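Notes follow the structure.
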Amino acid sequence: MNAKKRKLYSRLVIIAIVLVILIPLFIFAGSILWFPPKNLGMSYEKTEIEAVKNSLGIEIIRNGSNDDTLVWEFSDYEHKEVEITSNEFTALINEIKPDDFYLEDMQVKVVDNIVRLSAKANLDNLNDNILADARKMSPIPLPSKVNFYTESAFSIKDKVIAVKPYEVSIGMLNITSEIDKDLAETEVAGYIKKYFDKVPNMEVNDLYIVDGNFHINAYIPTKAIGNPK
């Protein structure tokens with residue numbers, strides 16, 4: 001092999017090595033930053049949002065533009081006991097989540113009584129105790145939003161929230177073994193209660209899974225009006 005061909009061959013080998021290194025890094029970074037959250041097949045239509053609102057007998061009115069931060073007023077409280085599907089639950093939590101909630105684009109699916117949740121996590125809104133280990137482990141600085149996936153047992157009984165995480169991932173990075181599960185259970189339960197408490201007088205008595213659906217027993221406002229701050 002002459003010098004010119006040897007030089008070209010060397011360059012091709014270097015390029016190949018660089019690609020072998022960069023492609024996995026690109027896929028890893030993309031799984032956290034650019035690609036959408038893991039698809040659980042829980043897409044929903046506007047009709048499903050309306051169906052679950054009708055099932056609960058609630059009315060939600062959003063005034064202003066999509067970019068506005070809203071101040072909510074709640075009224076017309078009633079006791080409700082209903083059962084809704086994973087699709088309806090996905091539609092409901094995306095529709096009623098507070099503006100400062102730490103998850104976006106949520107999908108919820110029940111498999112063998114385990115709740116699978118895929119979402120975009122807004123770390124700026126999240127208590128750092130829950131994902132502090134993810135920040136330490138990541139080979140790149142974590143941005144304000146990352147793809148998030150978890151599998152956990154979740155229920156509410158007599159107003160007590162119980163969360164037991166079995167798997168937690170940031171993009172392709174599984175951080176389950178790095179998380180203090182006792183701390184995660186306490187933090188997540190406390191975080192959910194914090195948002196429940198934002199709705200005056202609301203009481204979620206029970207929430208549990210029946211044949212893959214969510215059974216909800218709660219005292220809730222049936223009318224919510226959001227006005228620009």
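A quick note: this is a predicted structure, and the numbers were derived from the prediction, not measured.
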Would the number of heavy atoms belonging to other residues, nucleotides or ligands and lying under 6.0 Å from [atom1] of [X] be above 12?
X    : atom1 : answer
K80  : NZ    : yes
K164 : NZ    : no
D112 : CG    : no
D211 : CG    : no

Quick one: does any side-chain atom of D68 pair with a main-chain N or O of S65 as donor and acceptor, under 3.5 Å?
yes

Taking S155 for its side chain and L207 for its backbone only, find out whether a donor-acceptor pair lies under 3.5 Å.
no

How about [X] and [Y]: do any of their side-chain heavy atoms sit closer than 4.5 Å?
X    : Y    : result
K38  : R116 : no
N39  : Q107 : yes
I192 : F154 : yes

For the student: nearest non-hydrogen atoms of [X] and [Y], plus distance:
X    : Y    : value
N213 : S86  : OD1-N, 4.5 Å
Y166 : A153 : CE1-N, 3.7 Å
M42  : T90  : O-CG2, 3.5 Å
I58  : L92  : CD1-CD1, 4.3 Å
S118 : Y149 : CB-CD1, 4.1 Å
I61  : W72  : O-CZ3, 3.7 Å

Quick one: pull up [atom1] in [X] and [atom2] in [Y] and give me the separation to the nearest 0.5 Å.
X    : Y    : atom1 : atom2 : result
N113 : I209 : CG    : CD1   : 5.0 Å
I225 : R62  : CD1   : CZ    : 13.0 Å
I161 : K193 : CD1   : NZ    : 7.5 Å
E88  : K53  : CD    : NZ    : 13.5 Å
L70  : N227 : CG    : CG    : 7.5 Å
H215 : I84  : NE2   : CD1   : 11.0 Å

Listed partners of N87 passing side-chain hydrogen bond (donor to acceptor under 3.5 Å, both in side chains), at least two apart
E48

Any chain of hydrophobic side-chain contacts (each under 4.5 Å) joining [X] to [Y]?
X    : Y    : answer
I216 : V160 : no
F214 : L40  : no
F74  : V52  : yes
Y195 : L117 : yes
V163 : V110 : yes

Side chain to side chain contact (heavy atoms under 4.5 Å, CB included) assessment of K120 paired with N147:
CA-CA 5 Å; K120 183 77 74 173; N147 289 331; 3.0 Å; yes

For residues 152-163, the salt bridge (charged side-chain N to carboxylate O under 4.0 Å, His left out) pairs (sequence neighbours left out) are K159-E203

Residues that Y219 engages under ring-ring contact (aromatic ring centres under 6.0 Å, His included), provided they are two or more places apart
Y77

